[in-house]
Amino acid sequence: MKLVKPVAADRLSELLRQMPKAELHIHIEGSLEPELIFALAQRNAVALPYASVEELRSAYAFTNLQSFLDIYYAGASVLITEQDFHDMAMAYFARAAEDNVVHTELFFDPQTHTARGVSMETVINGLHRACVDAQAEFGVSALLIMCFLRHLSEKEAFETLEQALPYRDKIIGIGLDSGEVGNPPEKFARVFARCRELGFHLVAHAGEEGPPAYVWTALDVLKVERIDHGVQSSKDAALMQRLAQDRIALTVCPLSNLKLCVFPDLASHNLRQLLDAGLAATVNSDDPAYFGGYINENFTQTFAAGELTSQHAYMLASNSFEASFLEDAEKRRHSDRLSAFLEAF
Ligand code: ADE
Ligand code: ZN
């Protein structure tokens with residue numbers, strides 16, 4: 001790993017903001033800001049159980065993952081048309097570009113929408129058109145990862161896969177999200193095996209609230225290439241070794257972990273421990289509209305609270321390109337630009 005010159009604490013937050021980076025863990029439905037939720041509710045004549053933007057925002061006081069998911073799925077109910085999905089994603093791309101995100105891989109949850117009668121075609125075409133427009137408008141490249149909701153059955157995941165296959169050229173990978181505890185990765189063994197045969201990249205949320213055992217089965221049963229969150233891995237020394245040895249990326253989301261009470265404060269977060277143990281950790285925003293910040297806010301608050309340096313900043317951004325599902329030449333182009341940026345800073 002390249003060595004980076006030290007940067008004084010007062011300039012580090014500027015480096016973090018300006019540094020080119022990839023975001024690999026963003027649920028696009030989690031980028032819906034309360035203002036956009038209300039605008040879309042009005043456009044589509046959807047009734048909301050909140051009287052105002054302020055009342056909705058004040059409901060964002062979470063105690064764990066499930067308390068968040070209940071509000072998150074309610075917020076997504078305003079998405080009806082292809083244009084809604086497009087507008088939601090464009091709002092995220094504009095914000096991500098401000099944070100010097102140059103590449104992003106978006107999670108989307110089709111079952112949240114198909115269950116309400118919105119077609120797979122509407123969801124994917126709206127998001128895909130936004131990905132094309134993001135390159136032209138913001139110079140940000142974007143890929144789509146379709147997630148199965150793990151609180152639903154494997155049969156429902158197979159049905160979702162079937163519905164998505166006509167659009168497979170618009171989907172780079174498959175993920176697994178929603179309530180983790182009690183829904184281990186192995187519940188989805190067969191559908192992930194099928195996705196693998198079909199040539200999709202594979203990722204899964206594991207070790208967010210769930211135990212290290214779920215990270216092991218995400219790796220060994222689902223055969224995923226990246227672990228989303230994975231912060232509970234530090235409880236298992238053998239797992240830490242495995243993740244380091246195989247350079248399995250963890251897409252860590254510090255503000256999400258804080259807001260969902262996975263860690264009591266950012267000073268207690270284990271990001272530095274993961275990096276110093278040789279793991280390919282990255283920093284991401286998860287559901288930025290709900291957790292108090294986009295990717296740069298995650299970087300700056302975590303660095304301010306912990307003892308992280310310009311070397312860690314480089315590792316995190318470098319890992320984000322290395323762990324992406326871009327072609328090798330694109331990864332190299334981004335890594336070279338990152339090195340040039342740091343040299344000139
Ligand atoms: N869906 C949206 N955000 C999530 C998270 N942090 N964990 C699991 N599922 C999610
Ligand atoms: Zn997530």
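Counting starts at 1 for both ligands and their atoms, in listed order. Sequence positions, counted from 1, serve as the residue numbers for this chain.
- Ser58 and Tyr50 share no side-chain donor-acceptor pair at under 3.5 Å.
- Atom CZ of Arg190 is surrounded by 12 or fewer heavy atoms from other residues, nucleotides or ligands within 6.0 Å.
- Between His25 and His27, the ring planes are perpendicular. Angles over 60° get that label, and only those under 30° would be called parallel.
- Residue-to-ligand polar distances place Ser178 within reach of ligand 1: an N/O pair is separated by less than 3.5 Å.
- Here the protein heavy atom with the shortest distance to atom 6 (N) of ligand 1 is Asp286 OD2, 2.7 Å.
- Judged by a 6.0 Å distance limit and a 45° cone about the ring axis, Arg11 is positioned over the six-membered ring of Phe345.
- Within 6.0 Å of NZ in Lys2 there are more than 12 heavy atoms belonging to other residues, nucleotides or ligands.
- Within 6.0 Å of CD in Glu162 there are 12 or fewer heavy atoms belonging to other residues, nucleotides or ligands.
- Of the N or O atoms in Asp109, none lie within a sub-3.5 Å distance of an N or O in ligand 1.
- Within the structure, salt bridge (charged side-chain N to carboxylate O under 4.0 Å, His left out) pairs that include any residue of residues 49-74 comprise Glu33-Arg57, Glu35-Arg57 (at least two apart or interchain).
- Applying the 4.0 Å criterion to heavy atoms of His229 picks out, from ligand 1, the atoms 6 (N).
- Scanning all protein heavy atoms for the shortest distance to atom 3 (N) of ligand 1 gives Asp287 OD2, 2.7 Å.
- Residue contact check for ligand 1: Phe68 places a non-hydrogen atom closer than 4.0 Å to it.
- In terms of protein heavy atoms, atom 7 (N) of ligand 1 is closest to Glu208 OE1, 2.7 Å.
- Enclosure of atom CD in Glu307 is not indicated, since only 12 or fewer non-hydrogen atoms of other residues, nucleotides or ligands lie within 6.0 angstrom.
- Here the protein contributes His25 NE2, His27 NE2, His205 NE2, Asp286 OD1 as N, O or S atoms under 2.8 Å from the Zn ion (ligand 2).
- Put simply, the residue from Phe107, Tyr214, Phe148 that forms a ring-ring contact (aromatic ring centres under 6.0 Å, His included) with His205 is Phe107.
- In this structure the side chain of Tyr167 never reaches within 4.5 angstrom of the side chain of Leu127, judged on heavy atoms.
- At least one heavy atom of Leu69 sits under 4.0 Å from some atom of ligand 1.
- The closest side-chain heavy-atom distance from His312 to Phe303 is below 4.5 Å.
- The protein heavy-atom contact nearest to atom 4 (C) of ligand 1 is His27 NE2, 3.6 Å.
- For Glu180, the closest heavy-atom approach to ligand 1 does not fall below 4.0 Å.
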